[in-house]
Amino acid sequence: MSFKEVTELRKSGHLTQAYNMALSDLKQMPNDSWACSALFWVLYDISKQLVEQQRFDNIHNFLQQFNWVFERLRAMGRADEIVLKSINSLKSNIATALLKSGKSIESITEIFSNAGFSVEDIIENIRLNYYYQIFRASTEKTGEIRNIINEYIKLFQDSTPSENHSKILSSILWEYKSDDYNDLKQFTQIFSQWGGIDCFLDSDWLTDDSKNQPLAIKALNRIYAYLAKTDFKEIEQYFYIFKYAYDNKKCDFHLRRKYAILLFKLDRKSEAETIYKQLIRRKPEWYLYVELAEIITDDNLKLSLYSEALLKQRKEEFIGAVHLSLAELFISKNLLQEAATELNLYRITYERNSWKISDKYHQLHQVVASEQPSKNNINLYKTYAEKLKDYISQPKSENNKHNNKHNNNQPTKEFEGELKYKQKDGRAFAFVGDCYISAKLLEQQGITQNCPKAKVQARQLPDGKWQATKILKIEK
């Protein structure tokens, strides 16, 4: 008997004969590494056959024997990189097949544990198998990739963080990369099933050597793209994701801006205003002044913000709509010639680019039709913009005379909806909407998981955030 003969039988598909010969060989020469290696590769091919044929009746004995052979091979110093890679592949393929056959992850780990295998990496082997399936489907363009993704998400819904779990999310991001509404919606739903914000590793928030955006930031940007196209209810549902990123200082500059926009859409204008001022102090881009002007209600500040934006951005194709907003404000202050100038600049730009002139332009133009526009309002912009310095440089708490952080009469409000239970660094907390619920309140009610319905009473903190003071109603 020889390694060569066993190999020839194995490669020709005669696995039973190859197995009997290799086993007999090893019994006769128990310390021969070639005999042990021959049996290892026969068992490896048998494992592939078991998976293909879904034959798992005697899987425990098979795994036990395979592990015994592998440990002997390792003791002989013959467990090279190819062998180690193959044993991981075997565990991955069998575990995944057992999972698909209906066995739970707990029962699978028990099967491998009883056979002598370390179970720590069994789950990761399954995840890695799915990652390779997704990668192959993407490369070969088989059209099966979304089915594989859905299958994985179903098996690992609300999973725990891991490197392979994150790699799969990266593949999902690539598959759902278009700005089509359905793709954006599907990715957002899949992200929640994947495990959401709690399933990111710390490294998922960090920029790698390639300077690409971190995985977590990419994912949140995709979710924001969906929320930008949807309604208030959807924003409320997913807002906690962005709140977590902001509160834990994980947002980059652009994500902080998006967080402020979501706050504005949720009518939390004061918080949005504060963040915009912080962003402007850090990076005074023209569009930030425009967006802040749309949040505040003070017309004088609006004039100053729009004026600063026009001073910073002179390319008319970008700022046509700003001229329109400024013209409306000038009319409200009876500055009709200045308004006519803004409307004229708007009209010239839109006609030059063959863009459709808005109905609002025509309405405003009727008011100033008799006025002769001047070349521009740059000097007026400078006058108004000069008034911004104190407003932008000081935090809201310093320039708001009515702000008093020691005021005990904070506003109260009731929040009702799904309670989302969280744990981080051993600390429990929860949210109903964007209302924070402390571990103490959860413990009082014996809450240790998500609850479909909850109603809480909350107070508003000085920073504008809401914290529950009492759980009024809970449905577990």
Side-chain angles (χ1 to χ4, degrees), residues 3 5-26 36-71 73 79 81-119 121-156 164 167-168 171:
F3 179 87
E5 289 175 284
V6 172
T7 301
E8 287 175 353
L9 284 169
R10 175 174 66 83
K11 290 187 174 181
S12 64
H14 297 92
L15 293 180
T16 301
Q17 290 174 265
Y19 170 77
N20 291 332
M21 185 181 290
L23 188 61
S24 175
D25 244 7
L26 189 58
C36 191
S37 180
L39 183 56
F40 175 89
W41 291 112
V42 171
L43 290 172
Y44 180 73
D45 280 5
I46 289 174
S47 76
K48 291 192 288 186
Q49 190 179 74
L50 292 176
V51 169
E52 289 172 3
Q53 298 174 0
Q54 296 287 293
R55 289 165 44 210
F56 302 123
D57 294 344
N58 202 28
I59 194 65
H60 170 74
N61 291 336
F62 172 80
L63 287 172
Q64 198 169 41
Q65 184 179 38
F66 200 112
N67 188 47
W68 178 80
V69 173
F70 169 67
E71 292 298 339
L73 203 58
E81 186 176 342
I82 296 175
V83 168
L84 292 173
K85 186 176 180 180
S86 299
I87 195 76
N88 282 331
S89 175
L90 173 141
K91 289 190 288 186
S92 175
N93 290 335
I94 291 180
T96 302
L98 288 169
L99 200 58
K100 289 182 177 180
S101 73
K103 290 192 178 296
S104 67
I105 289 177
E106 290 76 14
S107 66
I108 293 169
T109 54
E110 185 179 354
I111 288 170
F112 277 91
S113 177
N114 290 339
F117 284 100
S118 169
V119 300
D121 59 347
I122 295 300
I123 302 302
E124 290 311 302
N125 280 325
I126 297 172
R127 286 171 162 168
L128 188 60
N129 184 289
Y130 271 98
Y131 172 73
Y132 287 137
Q133 286 185 56
I134 292 169
F135 178 79
R136 283 194 297 271
S138 175
T139 304
E140 298 167 5
K141 301 187 185 305
T142 60
E144 287 296 308
I145 184 168
R146 298 199 176 190
N147 291 335
I148 299 170
I149 288 171
N150 290 336
E151 186 178 287
Y152 174 83
I153 292 298
K154 184 178 179 181
L155 292 171
F156 287 94
N164 288 323
K167 284 165 69 175
I168 286 175
S171 297

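A quick note: this is a predicted structure, and the numbers were derived from the prediction, not measured.
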Main-chain N/O of L98 paired with S101 side-chain donor or acceptor, under 3.5 Å: yes
Please confirm whether the backbone N or O of I105 pairs with a side-chain atom of T109, one donor and one acceptor, at under 3.5 Å? yes
Kindly compute the distance separating CD (E52) from CG (N93), expressed to the nearest 0.5 Å. 9.5 Å
Looking only at heavy atoms, the pair that brings C36 and L73 closest together is SG-N, 3.8 Å
Ring-plane angle category for F40 and F70, please: parallel below 30°, perpendicular beyond 60°, tilted otherwise. tilted
Is the shortest side-chain heavy-atom distance between W41 and V83 below 4.5 Å? yes
Using a strict cut-off of less than 4.0 Å between a Lys/Arg side-chain nitrogen and an Asp/Glu carboxylate oxygen, indicate whether K154 and E151 qualify as a salt bridge. no
Quick one: does any side-chain atom of T139 pair with a main-chain N or O of F135 as donor and acceptor, under 3.5 Å? yes
Check whether any side-chain heavy atom of D25 sits under 4.5 Å from a side-chain heavy atom of L39, and report yes or no. no
Could you tell me whether the side chain of Q64 reaches within less than 4.5 Å of the side chain of N61, counting heavy atoms only? yes
Tell me whether K100 at atom NZ has more than 12 heavy atoms from other residues, nucleotides or ligands lying less than 6.0 Å away. yes
Would you check if R127 and Y130 make a side-chain contact, meaning some heavy-atom pair closer than 4.5 Å? no
N/O donor-acceptor pair under 3.5 Å between S24 side chain and M21 backbone: no
Exercise: identify the closest heavy-atom pair between A38 and A22: C-CB, 4.3 Å
Within the side chain of N67, is there an N or O that forms a donor-acceptor pair under 3.5 Å with the backbone of L63? no
Given side chains that start at C-beta, do those of I59 and K103 come closer than 4.5 Å, heavy atoms only? no
By the definition side-chain contact (heavy atoms from CB on, under 4.5 Å), identify the one residue from L43, V6, D45 that meets it with Y19. L43
Just checking E8: does its CD atom have more than 12 heavy atoms from other residues, nucleotides or ligands closer to it than 6.0 angstrom? yes
How far does OG of S113 sit from CD of E106, to the nearest 0.5 angstrom? 13.5 Å
Would you indicate whether the side-chain heavy atoms of I94 and S47 approach each other to under 4.5 Å? yes
Let's go through F156 and I126 carefully: what are the C-alpha distance in whole Å and the side-chain angles of both, what is the deciding distance for side chain to side chain contact (heavy atoms under 4.5 Å, CB included) to 0.1 Å, and is it a yes or a no? CA-CA 10 Å; F156 287 94; I126 297 172; 3.6 Å; yes
Stepwise side chain to side chain contact (heavy atoms under 4.5 Å, CB included) test for F66 and I87: CA-CA 9 Å; F66 200 112; I87 195 76; 3.1 Å; yes
Quick check for you: to the nearest 0.5 Å, what is the distance between N129 atom CG and N164 atom CG? 10.5 Å
Here the pair of heavy atoms bringing Q49 nearest to L15 is NE2-CD1, 3.7 Å
For I122 against I108, the heavy-atom pair lying closest together: CG2-CG2, 4.2 Å
Before giving the answer on side chain to side chain contact (heavy atoms under 4.5 Å, CB included), spell out for T96 and N125 the whole-Å C-alpha distance, their side-chain angles and the decisive distance to 0.1 Å. CA-CA 8 Å; T96 302; N125 280 325; over 6 Å; no
Between atom OG of S138 and atom CD of Q133, what is the distance when rounded to the nearest 0.5 Å? 13.5 Å
Indicate the atoms forming the closest heavy-atom contact of A97 with Q54, along with that distance. CB-NE2, 4.0 Å
Can you tell me how far the CD atom of E144 sits from the CG atom of N150, to the nearest 0.5 Å? 11.0 Å
Under the ring-ring contact (aromatic ring centres under 6.0 Å, His included) rule, collect the residues that match up with F112, sequence neighbours excluded. F117
Over all heavy atoms of both residues, which pair between I111 and H60 is shortest? Give the atoms and the distance, please. O-ND1, 4.2 Å
Under the side chain to side chain contact (heavy atoms under 4.5 Å, CB included) criterion, do I148 and Y131 qualify, and how do the steps go? CA-CA 9 Å; I148 299 170; Y131 172 73; over 6 Å; no
